[in-house]
Number of protein chains: 2
Amino acid sequence: MDKRIFEMHAGICTIFSNSKRLEIIDLLRDGEKSVNELSSLMEIPQANLSQHLSLMRQRGILETRRDGVNIYYSIANPKVIKAFDIMREVLLEQLSMHEKMFKKIKSA
Amino acid sequence: MDKRIFEMHAGICTIFSNSKRLEIIDLLRDGEKSVNELSSLMEIPQANLSQHLSLMRQRGILETRRDGVNIYYSIANPKVIKAFDIMREVLLEQLSMHEKMFKKIKSA
DNA sequence: TTAATATATTAGATTATTCGCATATAATAA
DNA sequence: TTATTATATGCGAATAATCTAATATATTAA
């Protein structure tokens, strides 16, 4: 089996292992936004936002379109959202399992 | 919007941002395997394998079952595989896009 | 109990990631 | 041209992740 797929997959997960970047992707879920718009919706310095955007663009996760002075970012492949939604189901199921276990312990 | 979901999601992506761990998950795709079996299928020291397994177990990604001297690991939630498969489609589409662009450049 | 096999843990050096800050560039308007 | 707004980049310190090597524990068999 070719192990390069694991390295590629790990590489993209490194990009996704930052909550600010996930928040950016979430803000772009329904369509493109300019850096300015993103900046006003998030609580991070502009330079840091720009670093995150640049990283995701380099990796082909986001794409850009310039309109005058503004640069609009959007999600390159909507399947990313699909994968995220499934992963969040996993997280929510984990939460509810922990909750059940907690109740069981309390009632014992 | 509650930003804790982004932190949880980022946390699980940190776990997935290592190619050895992804390889382990892939080896468990069709069912449980003992540490020994995993160890013979992978090219890493046993202690390191154990660290990866322990981490994924703590995070609820893997579960264990003991049978005598052996400990069998398995994937806790098969939806993880579903999400992985979609993410790999994304990666393959990225690859084929780069290839098309390369051919375009060569033919120009 | 001792030995053998399977698995886990700890410590520490190495390497990678993250963010803040300063500065740079790009487009447009005055 | 100069000023202004929008966006990007480079540097460096702080923090986090990774692996190796040594050691520990758990189960079973002799």
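Protein chains get the first letters and strands the later ones, always in sequence-line order, with residue 1 at the start of each.
The CD atom of A:E7 sits 14 Å away from the C1' atom of D:dT18 (whole-angstrom rounding). Atom CD of A:E43 is separated from atom C1' of C:dC19 by 16 Å (rounded to the nearest Å). Distance A:L55 CG to D:dT9 P: 11 Å, rounded to the nearest Å. The CD1-P distance, from A:I12 to C:dT17, rounds to 14 Å in whole Å. When the P atom of C:dT17 is taken as reference, atom CZ of B:F16 falls 18 Å away, rounded to whole Å. Between A:I24 atom CD1 and C:dT18 atom P the separation is 12 Å, expressed in whole Å. The nearest whole Å value for the distance from the CG atom in A:L22 to the P atom in C:dT18 is 11 Å.
Under the side chain to side chain contact (heavy atoms under 4.5 Å, CB included) criterion, B:N77 pairs with A:V90, A:E93, B:K79, not counting sequence neighbours.
Annotation: side chain of A:L55 is not in contact with side chain of A:N18 (no heavy-atom distance under 4.5 Å). Side-chain contact between A:E32 and A:I75 is absent, with no heavy-atom pair separated by less than 4.5 Å. When side chains are defined from C-beta on, B:R21 counts as touching B:I15, because their heavy atoms get closer than 4.5 Å. Using a 4.5 Å cut-off on side-chain heavy atoms (C-beta onward), B:L38 and B:L28 make contact. Here the side chains of B:S34 and B:E37 are in contact, with some heavy-atom distance below 4.5 Å. In this structure, the side chains of B:V35 and B:N70 stay at 4.5 Å or more apart for every pair of heavy atoms.
Residue-level contact check: B:Y73 touches the backbone only, with heavy atoms under 4.0 Å from sugar-phosphate atoms and none from bases. Using a 4.0 Å heavy-atom cutoff across all strands shown, B:S50 reaches at least one base atom of the nucleic acid.
Sorted by first and then second residue, the ring-ring contact (aromatic ring centres under 6.0 Å, His included) pairs involving residues 57-88 of chain A (not counting sequence neighbours) are A:F16-A:F84, A:F84-B:H9.
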Item checked: Heavy-atom protein contacts under 4.0 Å, nucleotides 20-30 of chain D, coded B base, S sugar-phosphate only, - none -> BBB---SBS--
Name every donor-acceptor pair, under 3.5 Å, that has one atom in a side chain of residues 42-50 of chain B and the other anywhere in the protein, sequence neighbours excluded.
unit_1: B:E43; atom_1: OE1; unit_2: A:K3; atom_2: NZ; d: 3.2
unit_1: B:N48; atom_1: ND2; unit_2: B:Q51; atom_2: OE1; d: 3.2

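Side-chain N/O atoms of A:N70 include none lying less than 4.0 angstrom from OP1 or OP2 on C:dA27. The side chain of A:H52 contributes no N or O atom lying less than 4.0 Å from OP1 or OP2 of C:dT18. For C:dT17, neither phosphate oxygen OP1 nor OP2 lies less than 4.0 angstrom from any side-chain nitrogen or oxygen of A:N18.
For residues 34-41 of chain B, proximity to DNA chain C is found at B:S34, B:V35, B:N36, defined as any non-hydrogen atom under 4.0 angstrom from a strand atom.
Across the helix from C:dT1-D:dA30 to C:dA30-D:dT1, the helix axis at one end is tilted relative to the axis at the other end by 10° (nearest 10 degrees, each axis from five pairs).
A donor and an acceptor atom, one from each side chain of A:R65 and A:S74, are nowhere located under 3.5 Å apart.
Of the residues near DNA chain C, B:R57 and A:K20, the one whose nearest nucleotide (by heavy atom distance) lies more toward the 5' end is B:R57.
Shortest non-hydrogen contact noted between A:G60 and A:A76 is O-CB, 3.3 Å.
Contact check on A:D26 versus A:R29 returns a salt bridge, with a Lys/Arg side-chain nitrogen under 4.0 Å from an Asp/Glu carboxylate oxygen.
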